[in-house]
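Order of listing sets the numbers, starting from 1, for every ligand and every atom in it.
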Amino acid sequence: MNTTRTESITEGPAGRFPKITEEVVHRYDVAGPRYTSYPTAPEWVEPPRFGPLNYAAKLSQAGEVDAPLSLYFHIPFCRQMCTYCGCNVIVIQNRHAADEYIGHLAMEMDLAAERLGRRRGVAQLHWGGGTPTFLGSEQIERLWSEITQRFQVLPNAEVSIEIDPVETQPEQLRVLRRLGFNRLSMGVQDFDPKVQATVRRIQTVEQTRAMLDEARSLGFSGINFDLIYGLPHQTPETWSRTIDQVISLRPDRTAVYSFAFVPDARPNQRALPAEALPRGTDKLELFRIAFDAFLDAGYRQVGMDHFALPEDELARAQVERRLTRNFQGYTVKAAGDVVAFGVTGISDVQGAYAQNLKPLRSYYAAVERGSFATVRGIELTPDDQRRRRTISDLMCHFAVDLGPDGTDYFAPELDQLRSLEADGFVRVRGPKVELTPLGHVFVRNVAMLFDSRLRQRQGAGVFSKTV
Ligand code: SF4
């Protein structure tokens with residue numbers, strides 16, 4: 001990396017997107033993790049180094065703790081595969097397949113509840129996917145009943161679900177609200193017809209507005225829209241129109257994700273026209289358009305890619321430093337331990353990550369045997385824990401205090417940070433590292449310097465590009 005400050009980099013006015021030169025994009029647009037976990041998934045190990053017994057022991061340990069829990073349920077089903085999708089999905093048409101799945105979630109919950117006991121209430125509960133509203137109203141009620149028979153959902157818990165505005169019926173929303181769901185997140189991605197046709201996800205502004213109005217009238221709050229920039233055929237003009245349409249609907253918060261084009265890992269993405277993908281400065285320009293438009297419309301930037309109205313819980317959490325990052329992106333920290341259920345579900349319990357198997361039949365067979373379906377995981381070392389806190393602070397607050405011994409402990413990292421300081425990404429004062437507005441855009445690059453495992457791997461080729 002060049003250690004002299006590039007003269008052409010200038011920060012825009014406060015609260016505006018910084019000016020970024022092509023040369024900077026060229027140098028820093030490298031493959032890198034998104035740090036929804038640390039250590040990142042390629043570092044996790046398989047049984048016998050970490051397997052079902054390790055996970056069971058962690059849950060027993062968690063059962064001794066008094067703090068509340070967070071639960072995650074993965075509902076993997078979708079009716080068709082979107083070409084951009086990066087999630088773990090099972091494409092299926094028959095809704096009845098979900099009955100068997102719910103039965104196995106209940107078995108897995110039995111295994112976990114046995115170890116966790118009932119001491120810990122649930123402060124946060126999330127259904128993600130896939131498409132959780134693939135479940136019909138009766139199935140939603142059944143799964144909720146299976147959960148509440150085994151876990152005590154606290155009265156003020158944050159209970160959230162991801163919905164597809166095209167697939168979801170108003171009746172399902174009413175059932176969810178009656179059961180206690182109070183937050184929801186909608187996939188939107190882009191409203192442009194050409195982009196939608198290419199990614200095979202057709203959803204009109206009107207359908208989205210109808211679902212939003214319905215959700216609001218039922219009393220859902222913290223309503224989130226997921227958007228993606230970097231999809232094929234997006235141009236500044238089409239994307240500006242999408243952003244204006246989104247702002248006119250005024251969701252409480254939006255996540256503006258950078259499209260991770262990883263066709264080797266996600267074969268469904270091979271159907272995308274690679275030549276039509278905006279890249280480098282063209283892609284960054286799309287994020288700039290969203291950034292400036294949301295800030296102009298009164299939203300606040302939360303973390304690297306979320307925007308929230310000032311009164312929204314996520315914006316307040318950032319101000320109060322209660323923001324955290326997990327596998328769903330940025331969230332309000334409500335619980336230390338996250339226990340996940342279902343295929344590919346990732347738990348984060350007592351200093352260890354554990355992920356479930358992906359194939360449905362193997363998952364079913366494991367829980368029928370009375371075993372967890374853990375396929376890989378990792379127990380964090382004290383060094384991992386310290387780096388995880390550091391990276392989390394950078395990603396959530398754009399600043400970190402490395403602590404009284406930080407300048408010694410992280411001496412190599414601070415040395416490497418000098419080049420980023422020279423390029424105008426960070427300000428370093430003793431153990432305190434603060435990102436500039438330019439550094440906010442490249443926060444993944446800054447975080448990578450604190451990722452000692454990445455250095456040992458000598459390569460981040462498995463990850464998407466940082467821009
Ligand atoms: S609806 Fe969502 S989870 Fe399902 S295939 Fe499309 S992008 Fe993936």
For the salt bridge (Lys or Arg N to Asp or Glu O under 4.0 Å) test, which of D348, D451, D393 pairs with R388? D348
Polar contact flag, side-chain donor to acceptor under 3.5 angstrom, [X]-[Y]:
X: T331; Y: Q124; value: yes
X: E141; Y: S145; value: no
X: E100; Y: Y364; value: no

So do the side chains of M304 and R325 get within less than 4.5 Å of each other, counting heavy atoms only? yes
Subset of ligand 1 atoms that lie under 4.0 Å from at least one heavy atom of Q80: 5 (S)
Please work out whether the ring planes of Y101 and Y363 are parallel, tilted or perpendicular, with thresholds of 30° and 60°. tilted
Ligand 1 versus R201: contacting region, heavy-atom distance under 4.0 Å: side chain
Kindly determine whether F327 and Y72 satisfy ring-ring contact (aromatic ring centres under 6.0 Å, His included), including the steps that lead there. CA-CA 10 Å; F327 296 98; Y72 173 77; 8.7 Å; no
Output, by chain and residue number, all protein N/O/S atoms separated from atom 8 (Fe) of ligand 1 by less than 2.8 Å. C85 SG
